[in-house]
Participant: 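Here it is, the structure, as structure tokens.
For clarity, every value in this text was computed on a predicted model and none was experimentally measured. Quick note on labels: first sequence line is chain A, next is B, and so on, each numbered from 1.
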4 protein chains.
Amino acid sequence: MNKFGWQVRVYHEDVDTMGIVYYGNYLKFYERARTEFLRSLGFEQDDLMHDLNIMFVVKKVEMNYFLPARYNDRLWVTADVSSFRQSSFHFDQKVYREDAEGELLNQATIVVVCVDTKTVRPCPVPGIILKKLRDPG
Amino acid sequence: MNKFGWQVRVYHEDVDTMGIVYYGNYLKFYERARTEFLRSLGFEQDDLMHDLNIMFVVKKVEMNYFLPARYNDRLWVTADVSSFRQSSFHFDQKVYREDAEGELLNQATIVVVCVDTKTVRPCPVPGIILKKLRDPG
Amino acid sequence: MNKFGWQVRVYHEDVDTMGIVYYGNYLKFYERARTEFLRSLGFEQDDLMHDLNIMFVVKKVEMNYFLPARYNDRLWVTADVSSFRQSSFHFDQKVYREDAEGELLNQATIVVVCVDTKTVRPCPVPGIILKKLRDPG
Amino acid sequence: MNKFGWQVRVYHEDVDTMGIVYYGNYLKFYERARTEFLRSLGFEQDDLMHDLNIMFVVKKVEMNYFLPARYNDRLWVTADVSSFRQSSFHFDQKVYREDAEGELLNQATIVVVCVDTKTVRPCPVPGIILKKLRDPG
């Protein structure tokens, strides 16, 4: 089973006093990877918003900090759908130094809910997306 | 002539590797001060958007970095309208360490244009705002 | 039992496309509140770093998103030490709209470890801090 | 004459209420492009700091906003050294939509000073860097 990964470079904007990535910025990296994962399946989030009237909203984050990412590091950020229900996904996401064989720096479980942009309430994940998640090929 | 000022504290989120404020983040501080300046005159930007269909958009920034602001510094950020035309303002803004008598760390001239939210084109600054700018009392 | 709270205003820098606070930015708000909580007890983090050679590093975040904070909202962000061990604290933190009687928007449990700045390894929380946490008066 | 360019994708983290890139975030994009430009010449900024005891600090920014970059846009960000003196560079930088043939969205002139990390004062740009700037091949 392949996991989707996306390369992220650490710039000055990302780090704090200690020269390590600010603790809130991993959530930026994770979102970039989720966005690129959806794009890799053929889904652009602005199209989903305009055409299907849905958006994805984070409901819960559990994040563990193992080792700090540092200025100028090249990171490998994964996005793996570990489970899904009618209107939500569980993403298992990890940050490795350099590549998928590198040190594990950070891990998060992120629950994302599919929301109707008009009612701003949870709605079923469209079948076209579920189908791609089950069979990406 | 009084200048409007707003206190800003430097947190970990604001600094980079050197423990000094990231060069782009002064624009956040300047916007907070402009927002609070408008609020002090009685104008809330979300109301302006909904009631008058206008928003303020930055067209030009000239910014000089004299001395770095550091982690945990308390800053005094000014917002002074130095001139205005039919559809734009020139703000003269400064960042001082601690208060208006402190070291001058940064200075910017920022041109803000009044834009119609429907056409997304420049429009005249509403008279109610011009009047308050000329006579805040 | 009083909980410490800190007022945060939502500016343009904090929100995303939907006009709601970007999901990673609550961690900025929570850190501001923890910093101000420590300051209210008499501890400045730059002094702790220089004088006691310690810093506080986040090891774990569990965060629940109930309702979105919006542009221009005034928020009340709490920081409450729910438990502590030899070298770590558990913070229970919440974001309310307007004040402590307002709607609960977000809740997080954040584990913070005391780290020796020289060895970059966990070290006991200094007695002077534990004493203040037990008896703030 | 080739100009260096770097591709940047606009994510949720970058935009504000209007779904357009927050005015301060162009400075992040410009710094990514300058960093990658230096890397393309063989210079890593963390190595420059440790080996040559220098860092690059921004002294002045002049930035013009022509058209907004939007959520999910792919941008082409250039970094071109337009002139240099003993201890500083002038960068001419631009943001285009999609690629170098796309719409011009933003333009900035950014003055960067070479600083000695020990004295924190301007110092001459090392000859090895000047040589590469004059003759990248």
Side-chain angles (χ1 to χ4, degrees), chain B residues 13-35 44-50 53-70 77 88 91 93 95 105-113 115-122, chain D residues 8 13-35 44-50 53-70 77 88 91 93 105-113 115-122:
Chain B
E13 67 188 85
D14 303 309
V15 301
D16 68 15
T17 330
M18 269 68 80
I20 62 179
V21 168
Y22 181 69
Y23 89 126
N25 288 347
Y26 292 96
L27 292 181
K28 296 184 180 179
F29 301 164
Y30 285 134
E31 197 196 20
R32 294 182 201 172
R34 293 197 305 277
T35 297
E44 299 285 338
Q45 285 183 78
D46 43 359
D47 292 344
L48 294 179
M49 221 179 294
H50 297 131
N53 298 313
I54 61 160
M55 59 183 182
F56 294 110
V57 172
V58 172
K59 282 302 281 181
K60 192 178 169 70
V61 166
E62 286 189 35
M63 182 160 44
N64 293 286
Y65 300 77
F66 302 124
L67 287 167
R70 300 188 176 286
V77 185
S88 65
F91 275 96
Q93 301 201 256
V95 177
L105 307 182
N106 197 286
Q107 181 275 334
T109 305
I110 295 177
V111 182
V112 174
V113 176
V115 168
D116 184 306
T117 55
K118 287 172 181 166
T119 63
V120 199
R121 305 193 68 120
Chain D
V8 166
E13 66 186 87
D14 301 310
V15 301
D16 68 17
T17 328
M18 269 68 79
I20 61 178
V21 168
Y22 181 70
Y23 88 125
N25 288 347
Y26 292 95
L27 292 180
K28 296 185 180 178
F29 300 165
Y30 285 134
E31 197 196 20
R32 295 183 202 171
R34 294 196 305 276
T35 298
E44 300 284 339
Q45 285 183 76
D46 44 357
D47 291 344
L48 294 179
M49 220 179 297
H50 296 132
N53 299 313
I54 61 159
M55 57 183 183
F56 294 111
V57 173
V58 172
K59 282 302 281 181
K60 192 179 170 71
V61 166
E62 286 189 34
M63 181 160 42
N64 294 285
Y65 300 77
F66 303 124
L67 287 168
R70 301 189 176 284
V77 185
S88 65
F91 275 96
Q93 301 201 255
L105 307 182
N106 198 286
Q107 181 274 334
T109 306
I110 295 177
V111 182
V112 174
V113 176
V115 167
D116 184 306
T117 55
K118 286 173 181 164
T119 64
V120 200
R121 306 193 67 121

Participant: Residues two or more places apart in sequence or in another chain: which of them pass side-chain contact (heavy atoms from CB on, under 4.5 Å) with B:Asn64?
Facilitator: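 If we apply the side-chain contact (heavy atoms from CB on, under 4.5 Å) test to B:Asn64, skipping adjacent residues, the hits are B:Phe66, B:Gln107, D:Lys60.
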Participant: Among D:Val61, D:Thr109, D:Val57, who wins on heavy-atom pairs under 4.5 Å with chain B?
Facilitator: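 Among the listed options, the one with the most contacts to chain B is D:Val61.
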Participant: Does the side chain of D:Glu31 pick up a donor-acceptor pair with the side chain of B:Tyr23 at under 3.5 Å?
Facilitator: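 Not at all, the side chains of D:Glu31 and B:Tyr23 share no donor-acceptor pair under 3.5 Å.
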Participant: Does a side-chain heavy-atom distance below 4.5 Å link D:Thr17 with B:Gln45?
Facilitator: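 Of all side-chain heavy-atom pairs linking B:Gln45 with D:Thr17, none is under 4.5 Å.
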Participant: Report the residues that fulfil ring pair (Phe, Tyr, Trp, His ring centres under 6.0 Å) with D:Tyr26, sequence neighbours left out, ordered by chain and then residue number.
Facilitator: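 By the ring pair (Phe, Tyr, Trp, His ring centres under 6.0 Å) rule, D:Tyr26 matches D:Tyr65.
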Participant: Side chains of B:Met18 and D:Val115: closer than 4.5 Å at any heavy-atom pair?
Facilitator: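 Sidechains of D:Val115 and B:Met18: no contact.
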